[in-house]
Amino acid sequence: MPATVSFSVPSAHGPRSVTLAYTRVGSGEPLLLLHGIGHHRQAWDPVVDLLATERDVIAVDLPGFGESPALPEGLTHDLATMNAALAALCETLELDRPHVAGNSLGGLLALELGREKLVRSVTALSPAGFWSPGERRYAFGLLQAMRQAARSMPLPLVERLSRSAAGRAVLTSSIYARPARRSPEAVVAETLALANARGFTETLRAGTSVRFTDDVPGLPVTVAWGTRDRILVRRQGVRAKRIIPRARLVRLPGCGHVPMNDDPALVARVLLDGSRRTSSPAAQRA
C-alpha cells in the first residue's frame, strides 16, 4: 500500500492542499521517480528493487494519476504548478535536492526541476518537450486514442486480453517494445490507470504549448531514448542534446517509450550511472 502526503501549494486564490500517493524503499541518496501521462508509479516496478540497492527510492503518483487525487480547484496541471507541487513534496519528505528520474511527462518535469536547481542530477527517459509541432500532434493523437480505447473496454475484456502475450500486445504495444514481458496483473492495472486518470485531459491540454528550450547548466543530466519508441520518436533525443549540450545522450536498444519494462537491467544501470555523476565540467563532458 502506498503512503500519502499532503502539503500546501500557492494559487491565485490562496494556498491549496495537494495530496500525493507514493512508495519509498531502499537506502542511500534519495532518488525521486516520475512517471508519464496516463501512467502510475508502478511503471517503475521493474527497476525499483535494482535501484534500491544504492538509493532511497521514492516513486510518486503525479496529481490526477494513479492513486493521487486531481489538483483542487484553483490549481491547473501545468508545469509551474507541477514544479511547485514536486518542490513542496521534496520539502515535506525532507528530501534535500534528490536525484530525479522521469519518463515522458515525468522526464520533462525532471528537467524542469533541474532547471530550477531543485535536484542534484536528472535522468530523463524519452522526455516530452523536444518535439516539432507535427511530432507533438502525432504523439497527442496517439495518446488520446490509447485513452479512448482504455475507457471503452470493459474490465472482463481487459482481463481476458491480459492473459495472453498477443492480448498484452494489443493493450500495451504503444508503450512497450516487449509487451509480453509485462505481467497480466500489471497490464490490467495500467490499463485501468489510463482509463481512470483524472488529470489526463487537463495535463494534455496544458502540454499543447510546451517546448523545452533551456539549457540545464551546472547539473549532471542524462537523456536516454528507446530505439523503438513509437510515441516520441528518437530523433528528439538529438534535439535534446543540442539544447542541453553537456547532457549525456544514451541509446536504449530495443526499448519502447516506457523502457523500464523492456530492459530493466539496462535502465537501472543508466539511472544509477546518471545519479553517480558529478557536476564538474570534466564529468559533464564524459
Side-chain angles (χ1 to χ4, degrees), residues 22-36 41 43-44 47-60 62 79 82-91 93-130 212-226 236-237 240-252 255 258-260 263-286:
Y22 71 97
T23 54
R24 190 169 187 173
V25 64
S27 61
E29 295 179 353
L31 171 60
L32 181 65
L33 301 179
L34 308 175
H35 62 77
R41 67 182 189 280
W44 298 99
V47 299
V48 162
D49 288 343
L50 297 170
L51 299 174
T53 61
E54 296 186 30
R55 294 287 177 263
D56 173 14
V57 181
I58 304 96
V60 62
L62 294 171
L79 289 180
M82 292 298 105
N83 264 356
L86 292 171
L89 169 72
C90 291
E91 183 178 358
L93 295 182
E94 298 182 343
L95 305 178
D96 182 19
R97 293 185 70 240
H99 303 283
V100 63
N103 173 224
S104 194
L105 166 65
L108 171 63
L109 296 175
L111 289 166
E112 286 285 329
L113 292 173
R115 191 173 58 82
E116 297 292 333
K117 299 296 187 289
L118 297 173
V119 295
R120 64 183 81 179
S121 74
V122 174
T123 303
L125 309 176
S126 294
F130 296 98
F212 194 89
T213 58
D214 295 333
D215 192 7
V216 186
L219 200 69
V221 175
T222 299
V223 175
W225 230 283
Q236 295 173 38
K241 175 67 175 174
R242 292 195 196 108
I243 293 166
I244 313 170
R246 293 188 182 275
R248 181 178 63 137
L249 181 59
V250 178
R251 180 174 171 266
L252 302 175
C255 290
V258 182
M260 298 83 80
D263 195 335
L266 173 60
V267 171
R269 185 165 68 250
V270 168
L271 266 60
L272 289 173
D273 286 349
S275 68
R276 293 183 188 119
R277 301 174 72 207
T278 71
S279 56
S280 68
Q284 291 280 348
R285 288 192 295 270

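As the structure is a computational prediction, the values presented were derived from the model and not from experiment. Side chains are part of it too, since the values below use all heavy atoms of this structure and drop only hydrogens, waters and symmetry mates.
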Minimal non-hydrogen separation, [X] against [Y], with atom names:
X: Pro220; Y: Gly274; result: CB-O, 4.5 Å
X: Val223; Y: Ala247; result: CG2-CB, 4.4 Å
X: Ala87; Y: Leu118; result: CB-CD1, 3.9 Å

So, do [X] and [Y] sit near enough that their side-chain heavy atoms are less than 4.5 Å apart?
X: Leu108; Y: Leu79; answer: yes
X: Leu113; Y: Leu109; answer: no
X: Leu32; Y: Cys90; answer: yes
X: Leu34; Y: Leu86; answer: yes
X: Pro127; Y: Trp225; answer: yes
X: Arg41; Y: Val60; answer: no

Atom pair [atom1] ([X]) and [atom2] ([Y]), whose distance is rounded to the nearest 0.5 Å:
X: Asp49; Y: Leu51; atom1: CG; atom2: CG; result: 9.0 Å
X: Leu111; Y: Thr123; atom1: CG; atom2: OG1; result: 9.5 Å
X: Leu266; Y: Met260; atom1: CG; atom2: CE; result: 12.5 Å
X: Arg55; Y: Arg276; atom1: CZ; atom2: CZ; result: 6.5 Å

By the ring pair (Phe, Tyr, Trp, His ring centres under 6.0 Å) test, which pairs, at least two apart or in different chains, include something from residues 100-130? Phe130-Phe212

Which is it for Val119 and Leu219 under the side-chain contact (heavy atoms from CB on, under 4.5 Å) test, yes or no, and what are the steps along the way? CA-CA 9 Å; Val119 295; Leu219 200 69; 4.2 Å; yes

Side-chain ([X]) to main-chain ([Y]) donor-acceptor, under 3.5 angstrom:
X: Arg120; Y: Pro30; answer: no
X: Arg248; Y: Thr222; answer: no
X: His35; Y: Trp44; answer: no

Exactly one of Leu31, Leu271, Leu272 should register a side-chain contact (heavy atoms from CB on, under 4.5 Å) with Glu54. Which one does?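 Of Leu31, Leu271, Leu272, side-chain contact (heavy atoms from CB on, under 4.5 Å) with Glu54 is met by Leu272 alone.
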
Mind listing the side-chain donor-acceptor pairs of residues 99-106 below 3.5 Å, one per line with the distance, residues two or more places apart or on another chain?
| residue | atom | partner | partner atom | Å |
| --- | --- | --- | --- | --- |
| His99 | ND1 | Ser121 | OG | 2.6 |
| His99 | NE2 | Glu29 | OE1 | 2.6 |
| His99 | NE2 | Ser275 | O | 3.4 |
| Asn103 | ND2 | Leu125 | O | 3.0 |
| Asn103 | ND2 | His257 | O | 3.0 |
| Ser104 | OG | His257 | NE2 | 2.8 |

Which is it for Ile244 and Leu249 under the side-chain contact (heavy atoms from CB on, under 4.5 Å) test, yes or no, and what are the steps along the way? CA-CA 10 Å; Ile244 313 170; Leu249 181 59; over 6 Å; no

Step-by-step side-chain contact (heavy atoms from CB on, under 4.5 Å) determination, Arg24 to Asp56: CA-CA 7 Å; Arg24 190 169 187 173; Asp56 173 14; 2.6 Å; yes

Could you check whether atom CD of Glu116 has more than 12 heavy atoms from other residues, nucleotides or ligands sitting under 6.0 Å from it? yes

Please walk me through it: do Val48 and Leu33 pass side-chain contact (heavy atoms from CB on, under 4.5 Å)? CA-CA 9 Å; Val48 162; Leu33 301 179; 4.3 Å; yes

